Visitor: 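So that we are looking at the same thing, I have put the structure below in structure tokens.
Because the structure is a prediction, the values reported are computed rather than measured.
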Protein chains: 6
Amino acid sequence: MSGIVVRNIERSSLEHLAPLAERGVATVHEAIGRTGLMASYMRPIYPGASIAGNAVTVTVAPGDNMTLHVVVELCREGDVLVVSPTSPCEDGYFGDLFGGVLKARGVRGLIIEAGCRDIRTLQGMDFPVWSKAVFAQGTVKETLGDVNVPVVCARQRVEPGDAIVADDDGVLVVPRARIDEALSASLARVNKEEANRKRFAAGELGLDVYGMRDKLAAKGVRYYEDARALADGAAS
Amino acid sequence: MSGIVVRNIERSSLEHLAPLAERGVATVHEAIGRTGLMASYMRPIYPGASIAGNAVTVTVAPGDNMTLHVVVELCREGDVLVVSPTSPCEDGYFGDLFGGVLKARGVRGLIIEAGCRDIRTLQGMDFPVWSKAVFAQGTVKETLGDVNVPVVCARQRVEPGDAIVADDDGVLVVPRARIDEALSASLARVNKEEANRKRFAAGELGLDVYGMRDKLAAKGVRYYEDARALADGAAS
Amino acid sequence: MSGIVVRNIERSSLEHLAPLAERGVATVHEAIGRTGLMASYMRPIYPGASIAGNAVTVTVAPGDNMTLHVVVELCREGDVLVVSPTSPCEDGYFGDLFGGVLKARGVRGLIIEAGCRDIRTLQGMDFPVWSKAVFAQGTVKETLGDVNVPVVCARQRVEPGDAIVADDDGVLVVPRARIDEALSASLARVNKEEANRKRFAAGELGLDVYGMRDKLAAKGVRYYEDARALADGAAS
Amino acid sequence: MSGIVVRNIERSSLEHLAPLAERGVATVHEAIGRTGLMASYMRPIYPGASIAGNAVTVTVAPGDNMTLHVVVELCREGDVLVVSPTSPCEDGYFGDLFGGVLKARGVRGLIIEAGCRDIRTLQGMDFPVWSKAVFAQGTVKETLGDVNVPVVCARQRVEPGDAIVADDDGVLVVPRARIDEALSASLARVNKEEANRKRFAAGELGLDVYGMRDKLAAKGVRYYEDARALADGAAS
Amino acid sequence: MSGIVVRNIERSSLEHLAPLAERGVATVHEAIGRTGLMASYMRPIYPGASIAGNAVTVTVAPGDNMTLHVVVELCREGDVLVVSPTSPCEDGYFGDLFGGVLKARGVRGLIIEAGCRDIRTLQGMDFPVWSKAVFAQGTVKETLGDVNVPVVCARQRVEPGDAIVADDDGVLVVPRARIDEALSASLARVNKEEANRKRFAAGELGLDVYGMRDKLAAKGVRYYEDARALADGAAS
Amino acid sequence: MSGIVVRNIERSSLEHLAPLAERGVATVHEAIGRTGLMASYMRPIYPGASIAGNAVTVTVAPGDNMTLHVVVELCREGDVLVVSPTSPCEDGYFGDLFGGVLKARGVRGLIIEAGCRDIRTLQGMDFPVWSKAVFAQGTVKETLGDVNVPVVCARQRVEPGDAIVADDDGVLVVPRARIDEALSASLARVNKEEANRKRFAAGELGLDVYGMRDKLAAKGVRYYEDARALADGAAS
């Protein structure tokens, strides 16, 4: 089950994906029904980066980055590398040499459920990484994983060519078949949020904007003027 | 036990609380006998914020932010919202829409033993949050918690109207009845530390400033000139 | 086994150690055979610091910083304090008062497998700390540990006088007997990486730079043009 | 804030509490509105124990069991000792000597958000402990905590005299004022569950027993015969 | 994306699956190329259970077990229920009532990346559960998940009808399309291990049984008679 | 730094070590000044085992058990194998084949800061293991570690030939040079505990047995009859 390398995947155009980065992880995640979000321990190695791109997937053995060397020549402009170890590992598979090479190929960033190192240099070259750990621990080059097969990374299934959106809020996977939906639904959400934002700015409350007061009553909310009223059981 | 909403709480004046923010979590924590500090996993979503305010408390069901919508209209200038899930959860209950609304009401910040999202936007609007996680995972609006009842948040009991102090060192709860003590004791501590700082700056040692040399001797400290002396058992 | 204080240790000259800081944790770690790296949970309290110095070692009881007061007068220019609790603890043993005193003595920084506080002030005075936690929880002064005996800190053995290298990638221990080797091997590595960097910049691939293609073939790598070819079992 | 020892607390009669142990943590927890459950990391040191008793509360400094020695003479038949460290600690505060002494006084068991040791001997004498860790690490006797003041233990507030119920499912706190409610509501729940159990045994489904089918429809459940129907969008 | 319930899935015959339980997780995992193993935090609630069955999959919202009620009537003899929350949660979704009902339907056990309760009763009825936590925390019935769609559970993708093998070593997923391969390869492995076991029992070494001595030499192994020889650099 | 194999180590006689197992981890740990205890996450794979033996040490690369095959032929009656991965890993390096072979050679047990599998079979053959995880994840045989060099395992330094004591309370390292001290001091402690046990059994309190009442007074203990007295500030 290791040693499989698929050279070509179906990619989306970069213009198509760009609005996903702009709208951000939280918004797109809501737009596609709150699915696809990687675990919260996937954190950016520096703040402020925001990307969207086509997933190129890699599995690696624990402590072994041989397959990362394999995948480089298959990466293209707009790709996002997604790396999953076959068992939990936080070794530093990835550093500034890899970062420089991928940056030169137009890769947008790296998602790795393991460790990353050389983080200051990577920040200097503006090559963003979302990882489970920062760890300088070196790796060997002895065991083959797979390239461009479906993987599970940080609680989410990723297929080659899925869209990856990542920013300070985390990492989101949008299945390739749902990218159009994600674009239209996130646009609708942005517009709706903008409208809501204006109502909020005008002083309206979420209870009214979202029409929740009846629902609250049905759920049995009980208001008390203060702690004394609560002690007396005097709802108001 | 859910659905209780207490509208009004006893608050301290904001002028009264302001010095607590200035003196900071570490100092006030020492001043009140090393009590009230929330767990270390409560971290700010961006560095540099420093607040003090009156606690408004909320319990929420896991993955459900309905009660956050309820509490908004009860918040006032100088409040700090303290949110505790009824079982461990790291979902992103709170984002920029909530942040904007609370900011407009003068709320100083949010303390949530769960997740937060839209952290870049929240930083941009300078609405600080201390949370257990950054996580974009959305929540539903189906289950009622309580508002302004005593809660346990990140290992500490918080009652409505307690003072909350938070900065880069963490989050501290000062019981309402001890706020005056916290003010006077933290002032005394600042002054004492200032005096000590001068002695340290003049080259004095903590062993002398704190008069610890006799205590050390009583505890059986043994000095050796170097590793060889230690190997020889030749204390000096 | 507590109360031992060794006054003097063998130190390396600061000019000797300086290149280690410049080359950084990841490079030196590789240079000495991927040994000596502390656990990944040892993180800097602020980004950007980079140090190398002579280890002064301390053990402390949980929640008790008495021994930190003992060690101060033994510290010299270029030292790095390494603190290990005798059982896991994240209390805030160390704050700005200690930081100021050590800074004045020329200490380069603190490595503590526990908590640290006053982190904003420490950043302001540029006294870097690598710790397991940021936690304002205060400590007592009742129990003696040891000073300048071998300790285990964050998975690594540290002997007094070992070199400590720390930056945004983590904390590395270089045994005193291997410092010269670390210097020469890291220089060789820097030079080699520089050469490789040029080849990478010229478009060469790691597979070729590192001569891995034969090894891959021997390991049984199988290339497929695309997912369809994979499904058809048509390796290319 | 340390060194306070309250000698006497209000206790419930042991006959009164006995049914809570028999009905168990899960049932009583449901009966009192799903409140009061300690964190899931509180695990029994051996399986099969089941207790209910009056809480005697203790705070301890990290790595310091002095206050446990203080509390022993205040314990009585039917008590459950609840121990909370003032900051996170997993040291082995408690072993078989303490177990034997408390067992002789009729104490039902120990709840400690820290470590325990001598677990085989404790099992042999049938003195149950629920703890965060099994850890032989010894403690000192230098710092005073408090006895019989309100504490927070494993996410729950415990007041002296509250009822503690503990079994293989975990540890539950029932506030003293709610013990009668817990008794009657848990009895009602046991009876109701018994009735439901018979209906389930007769082949009825929860969907019908709990009348959930309309609610499901209102929530928009969509049934598909199989994966093909799902792919075709052919709900049935 | 929630509320989908697929009624029927493709199942393997129980006779077909039985040998997988007998051979066990570790052996079958090796046999299928070391893939499909769930994370190590999935532990049995009691020791000694060993099952194999057809996966019926469920997603649940955090703290909400509504969908578990939906799935019961779709379960059949030999099924294994696999439950994944949409965000991390350790609430006690499952207890003895569910256990009794599923046991009556012939369900082999439950795999849940969350909490379980009533564990003593479940052990008494011999209904095994592998879970992330034991936690009595109750759940609500307000939010719909999905039934019999592909899920990710504890780092592994599970499709309805995949084979689940679980015992004291953990939980393994065998994709439906690979069950035959798993059966034949695990049988081969059992036979080979049996042969090896005899050679080991006769005193042979793994180095010889697996023919590793040449490989070791090629890797540069250096033998030293003792620590003195090592210090002298006198390999033998 | 890898590939070093030291064939022979200095061992203690098994009769010499036997009393350490009998007295147990907690007692010996106290006897040698509360040092040498491995981290609490090192747990036995089944309850009830109790061993003492001579440490044979091994380092392994993450996910690679090649070095375990190397060490087998060097093991002798009464050894305890201590295995430390070079970076954190929980893979299942060790199973029943290894267990059978080592059992046949008289090895007392395994200490591994990683994973173990085949735990039911290992229990059946009574070969005890203390590990960080139970995990069936397989390993490769590609990378050499070292045998019988000093290692750090679960926070403790272990040198070849140190005594290892392990039971349900955890794992303890006794440096070879301190074994005699451990024997005499643990015997003294057993005798003293026995004497104390009798005094406790006769109803004496630890406060008196350990002479703590004066110390408590000096520390400022304040007794209150009950909560009312505490509220009134009426110490007694």
Side-chain angles (χ1 to χ4, degrees), chain E residues 24-44 47-50 155 165-172 193 196-197 199-210 212-213 215-231 235-236, chain F residues 2-10 45-47 63 65-74 90-92 95-105 114-123 131-150 159-161:
Chain E
V25 166
T27 295
V28 180
H29 167 65
E30 287 288 338
I32 57 167
R34 296 177 182 167
T35 59
L37 190 66
M38 288 193 186
S40 66
Y41 53 71
M42 298 298 287
R43 298 300 303 144
S50 172
R155 300 192 88 235
V165 189
D167 59 23
D168 287 350
D169 282 347
V171 183
L172 181 72
E193 284 203 343
N196 285 343
R197 211 177 301 267
R199 295 178 63 181
F200 288 129
E204 281 192 82
L205 288 165
L207 292 181
D208 300 309
V209 170
Y210 302 122
M212 295 170 68
R213 293 201 190 266
K215 191 172 182 181
L216 283 174
K219 298 263 177 196
V221 68
R222 285 148 290 152
Y223 282 90
Y224 300 85
E225 276 309 299
D226 51 26
R228 172 172 297 271
L230 177 60
S236 59
Chain F
S2 62
I4 293 171
V5 182
V6 177
R7 282 203 180 89
N8 297 294
I9 62 172
E10 297 198 66
I45 60 170
Y46 56 88
N65 74 356
M66 173 179 258
T67 323
L68 292 189
H69 289 280
V70 173
V71 77
V72 168
E73 66 181 328
L74 308 177
E90 56 177 20
D91 283 0
D96 62 349
L97 278 179
F98 271 125
V101 167
L102 292 181
K103 178 88 181 175
R105 299 184 79 87
C116 178
R117 58 184 180 177
D118 301 324
I119 67 171
R120 202 174 355 169
T121 311
L122 288 166
Q123 181 171 17
S131 69
K132 196 171 77 169
V134 173
F135 198 31
Q137 180 70 34
T139 51
V140 298
K141 300 176 182 63
E142 295 289 351
T143 310
L144 267 172
D146 298 322
V147 173
N148 282 328
V149 300
E159 303 216 22

Visitor: Can you see which heavy atom on Glu73(F) is nearest to which on Leu207(E), and at what distance?
Guide: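 Shortest heavy-atom contact: OE2-CD1, 3.4 Å.
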Visitor: Which bit of Glu142(F) is near chain E, if near means a heavy-atom gap under 4.5 Å: side chain, backbone, both or neither?
Guide: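 Glu142(F) touches chain E through backbone and side-chain heavy atoms alike.
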Visitor: Under the side-chain contact (heavy atoms from CB on, under 4.5 Å) rule, collect the residues that match up with Gln123(F), sequence neighbours excluded.
Guide: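 Partners of Gln123(F) by the side-chain contact (heavy atoms from CB on, under 4.5 Å) criterion, ordered by chain and then number, come out as Tyr46(F).
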Visitor: At a heavy-atom separation under 4.5 Å, does Leu230(E) approach chain F through its side chain, its backbone, both, or neither?
Guide: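 Only the side chain of Leu230(E) comes within 4.5 Å of chain F.
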Visitor: Would you give the length of the straight line joining atom CZ of Phe200(E) to atom CG of Leu102(F), rounded to the nearest 0.5 angstrom?
Guide: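 Atom-to-atom, Phe200(E):CZ and Leu102(F):CG are 10.5 Å apart.
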Visitor: Which heavy atom of Gly220(E) sits nearest to which heavy atom of Leu144(F), and what is that distance?
Guide: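 The pair with the smallest heavy-atom distance is C-CD1, 4.4 Å.
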Visitor: Below 4.5 Å from any heavy atom of chain E, which atoms of Val149(F) appear? Answer side chain, backbone, both or neither.
Guide: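 Contact with chain E: side chain only.
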Visitor: Quick one, Arg117(F) with Val25(E), criterion side chain to side chain contact (heavy atoms under 4.5 Å, CB included). Give me CA distance, side-chain angles, the key distance, then yes/no.
Guide: CA-CA 9 Å; Arg117(F) 58 184 180 177; Val25(E) 166; over 6 Å; no
Visitor: Counting distance only, does the side-chain N/O of Arg34(E) pair as donor-acceptor with the main-chain N or O of Gln137(F) below 3.5 Å?
Guide: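 Not confirmed, Arg34(E) side chain does not pair with Gln137(F) backbone.
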Visitor: If I measure from the heavy atoms of chain F, does Tyr41(E) come under 4.5 Å with its side chain, its backbone, both, or neither?
Guide: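 Neither the backbone nor the side chain of Tyr41(E) comes within 4.5 Å of chain F.
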Visitor: Using modelled atom types and a 3.5 Å cut-off, is there a donor and acceptor pairing between side-chain atoms of Lys215(E) and backbone atoms of Lys141(F)?
Guide: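 Yes, the answer is positive, given that a donor and an acceptor are paired below the 3.5 Å cut-off.
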Visitor: Can you tell me which portion of Val134(F) sits under 4.5 Å from chain E's heavy atoms? Options are side chain, backbone, both or neither.
Guide: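 Its backbone and side chain both get close to chain E.
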Visitor: Looking at Asp169(E), Asp226(E), Val221(E), which makes the most heavy-atom pairs under 4.5 Å with chain F?
Guide: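 Answer, by heavy-atom pair count under 4.5 Å with chain F: Asp169(E).
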Visitor: Applying side chain to side chain contact (heavy atoms under 4.5 Å, CB included) to Phe135(F) and Leu37(E), what does each step give before you reach the verdict?
Guide: CA-CA 9 Å; Phe135(F) 198 31; Leu37(E) 190 66; 3.3 Å; yes
Visitor: Let me know if Met38(E) has heavy atoms under 4.5 Å from chain F in its side chain, its backbone, both or neither.
Guide: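 The backbone, not the side chain.
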Visitor: Under the 3.5 angstrom rule, does the side chain of Arg222(E) hit a backbone N or O of Val6(F) as a donor-acceptor pair?
Guide: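 No; zero donor-acceptor contacts below 3.5 Å.
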Visitor: Using non-hydrogen atoms only, which part of Glu90(F) is less than 4.5 Å away from chain E: side chain, backbone, both, or neither?
Guide: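 For Glu90(F), side-chain heavy atoms alone lie under 4.5 Å from chain E.
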Visitor: Tell me, side chain or backbone of Ala133(F) under 4.5 Å from chain E's heavy atoms, or both, or neither?
Guide: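 Contact with chain E: side chain only.
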Visitor: Mind listing the closest non-hydrogen atom pair of Gly48(E) and Arg120(F) along with its distance?
Guide: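 Closest approach of Gly48(E) to Arg120(F): O-NH1, 3.1 Å.
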Visitor: Mind checking side chain to side chain donor-acceptor pair (under 3.5 Å) for Asp208(E) and listing every partner two or more places apart, or none if nothing turns up?
Guide: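 Residues passing side chain to side chain donor-acceptor pair (under 3.5 Å) with Asp208(E): Arg213(E).
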Visitor: What part of Glu225(E) gets within 4.5 angstrom of chain F, counting heavy atoms only: side chain, backbone, both, or neither?
Guide: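 When you check distances to chain F, atoms from both the backbone and side chain of Glu225(E) fall under 4.5 Å.
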Visitor: Relative to chain E, which segment of Val140(F) carries a heavy atom at a distance below 4.5 Å: side chain, backbone, both, or neither?
Guide: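 Answer is both: backbone and side chain atoms of Val140(F) are under 4.5 Å from chain E.
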Visitor: How many angstroms lie between OH in Tyr223(E) and CG in Leu74(F), if you round to the nearest 0.5 Å?
Guide: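 Reported value, rounded in 0.5 Å steps: 6.5 Å.
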Visitor: Counting only heavy atoms closer than 4.5 Å, note whether Thr121(F) contacts chain E via side chain, backbone, both or neither.
Guide: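 Neither part; nothing is under 4.5 Å.
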Visitor: Measure Ala39(E) against the heavy atoms of chain F and call it side chain, backbone, both or neither at under 4.5 Å.
Guide: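 For Ala39(E), the contact with chain F is made by the backbone alone.
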Visitor: So which heavy atom on His29(E) is nearest to which on Ala136(F), and how close?
Guide: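 That closest heavy-atom pairing would be CD2-O, 3.2 Å.
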Visitor: Where does Ile9(F) contact chain E at under 4.5 Å (heavy atoms): side chain, backbone, both or neither?
Guide: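 Contact with chain E is absent: no heavy atom of Ile9(F) under 4.5 Å.
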